[in-house]
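Each remark here refers to the structure printed beneath this line.
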Amino acid sequence: MAHVELRNLEKRYDNDAHAVKGVTLSARDGEFVVLVGPSGCGKTTTLRMVAGLEEITSGDLFIDGERMNDREPKDRDVAMVFQNYALYPHMTVFENMAFPLKMRKVPKAQIKIQVEDAAKLLGMDKHLKKKPKELSGGERQRVAVGRAIVRKPKVFLFDEPLSNLDAALRTQMRAELKRLQRSLGATMLYVTHDQVEAMTMGDKIAVMNKGELEQFGTPSEIYERPATVFVARFLGSPAMNVLPGGIIHEPGESYFVSDMLKIKLNGHFEAGNVHLGIRPEAIVLEWESKGTDSISGKLILIEPIGSVTHYYIECEDAFGGTFVASVPHGPVTLAGATLSLGDSVTFRIPSESIHLFDRQSGKRMD
Ligand SMILES: Nc1ncnc2c1ncn2[C@@H]1O[C@H](COP(=O)(O)OP(=O)(O)OP(=O)(O)O)[C@@H](O)[C@H]1O
Ligand SMILES: [Mg+2]
């Protein structure tokens, strides 16, 4: 299929909105790359520049080593599926899927073969004569995808294709799209603002914020070593706990200190103002404080969600606010007693699970 490369891609709209600020990333042949980030961060704009629907202000776009900046959309060999994919209501499923081929004046017999192939792949071969209104939401979605795959393009661009579906269907389509992408060996750029979709579907994830690329890496790299506080808090649910504090040195050792905490750090860090990050699942609940790496607080919310339970603790540290601890299976018993709302609890922040970010730049420190 294809290798897609974005080099320092910039977009300024005429009204001077600086929508995309120097994004550099690449999707190797057959790779599934997810662009994720909050609303307005420039995901759709980035995708539209790749598709050729939006002019590239500066930077370079390469597909298989060829510079595409000035190529017409139809000459880029990409297919895009939009968030609000519109099917033609008066056309059958077959006609909807055949449409892009018809536009390209592909011979009828060839169209039939390609549409039927695509329909089979999507499990839609029994629905080819139906009109969109006779289909379920998921089936309509499949027709929109079918319309993109009939042409066998080099690159697929998907812009939040599942956002109109309910939760159960979304989960199912997620798995289907991933399977489809694998079986086609397609190179795919996929936009979503759903972090679960990003983590489960992407071979690589590009996390965007305010037009900038914050981090580009595999799901595990991004989860285990977030490059910025923004990335740390954007991926993971509940979000990573973040506590402001400072790094101080004592002979031979670096410590994180805040109002109530003092944690000996593994390794040497420069002194200064930082944010400490700790994932909810890395927090250890205790009945009472044992060391300076523990804080006490009051249990204000218990959220059992099946496989794990989230404990929200309003902590006594002046800068701490509310911490969340996730514990597999619940309810938690400490020294034989079950935790309940209003209890005073202590939690420990294990040094080996800490993430440290420079408070000024937001960047990871190690
Ligand atoms: N045609 C346009 N003219 C001017 N500004 C635009 C245009 N399209 C988008 N923008 C601005 O560019 C920024 C990025 O928009 P974009 O649609 O790429 O965001 P997004 O990440 O796709 O958001 P969402 O998740 O809401 O779809 C926004 O601030 C938006 O207002
Ligand atoms: Mg968008």
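Remember, it's 1-based here, ligands and their atoms both numbered in the order they're listed.
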Protein residue, atom and distance nearest to atom 12 (O) of ligand 1, heavy-atom basis: Ala19 CB, 3.3 Å
Protein contact for atom 30 (C) of ligand 1 (heavy atom, distance under 4.0 Å): no
Close side-chain approach of Pro280 and His310, heavy atoms under 4.5 Å: no
Shortest protein contact, atom 16 (P) of ligand 1 (heavy atom only): Thr45 OG1, 3.5 Å
Option from Lys131, Met91, Arg140 for which side-chain contact (heavy atoms from CB on, under 4.5 Å) with Asn96 holds: Met91
Environment of the Mg ion (ligand 2) in terms of protein N/O/S atoms, cut-off under 2.8 Å: Thr44 OG1
Test: Lys102 and Glu95 ion pair at under 4.0 Å: no
Residue and atom name of the nearest protein heavy atom (relative to atom 17 (O) of ligand 1), distance in Å to one decimal: Thr44 CB, 3.7 Å
Nearest neighbour in protein (non-hydrogen) for atom 11 (C) of ligand 1: Tyr13 CE1, 4.0 Å
Leu177 and Met201, any side-chain heavy atoms less than 4.5 Å apart: yes
Part of Asn15 with heavy atoms under 4.0 Å of ligand 1, whether side chain, backbone, both or neither: side chain
Check: His249 ring centre within less than 6.0 Å of His268 ring centre: yes
Whether Phe357 and His355 hold their rings parallel, tilted or perpendicular, with breakpoints at 30° and 60°: parallel
Min N/O separation Cys41 to ligand 1 under 3.5 Å: yes
For ligand 1, the portion of Glu160 having any non-hydrogen atom under 4.0 Å away: side chain
Check: Tyr312 ring centroid to Phe323 ring centroid under 6.0 Å: no
For atom 25 (O) of ligand 1, the protein heavy atom that lies nearest, with its residue and separation: Lys43 NZ, 2.8 Å
Phe230 and Phe234 aromatic ring geometry - parallel, tilted or perpendicular at 30°/60° bounds: parallel
Best match, Gly42, Gly211, Gly40: closest heavy atom to atom 13 (C) of ligand 1: Gly40
Taking atom 26 (O) of ligand 1 as the reference point, the nearest protein heavy atom with its distance: Ser39 OG, 2.5 Å
Full working for side-chain contact (heavy atoms from CB on, under 4.5 Å) between Phe269 and Leu356: CA-CA 9 Å; Phe269 291 87; Leu356 289 170; 3.8 Å; yes
Glu31 with Lys204: basic N within carboxylate O range, under 4.0 Å: yes
From Arg12, Met49, Lys11, residue fulfilling side-chain contact (heavy atoms from CB on, under 4.5 Å) relative to Glu55: Lys11
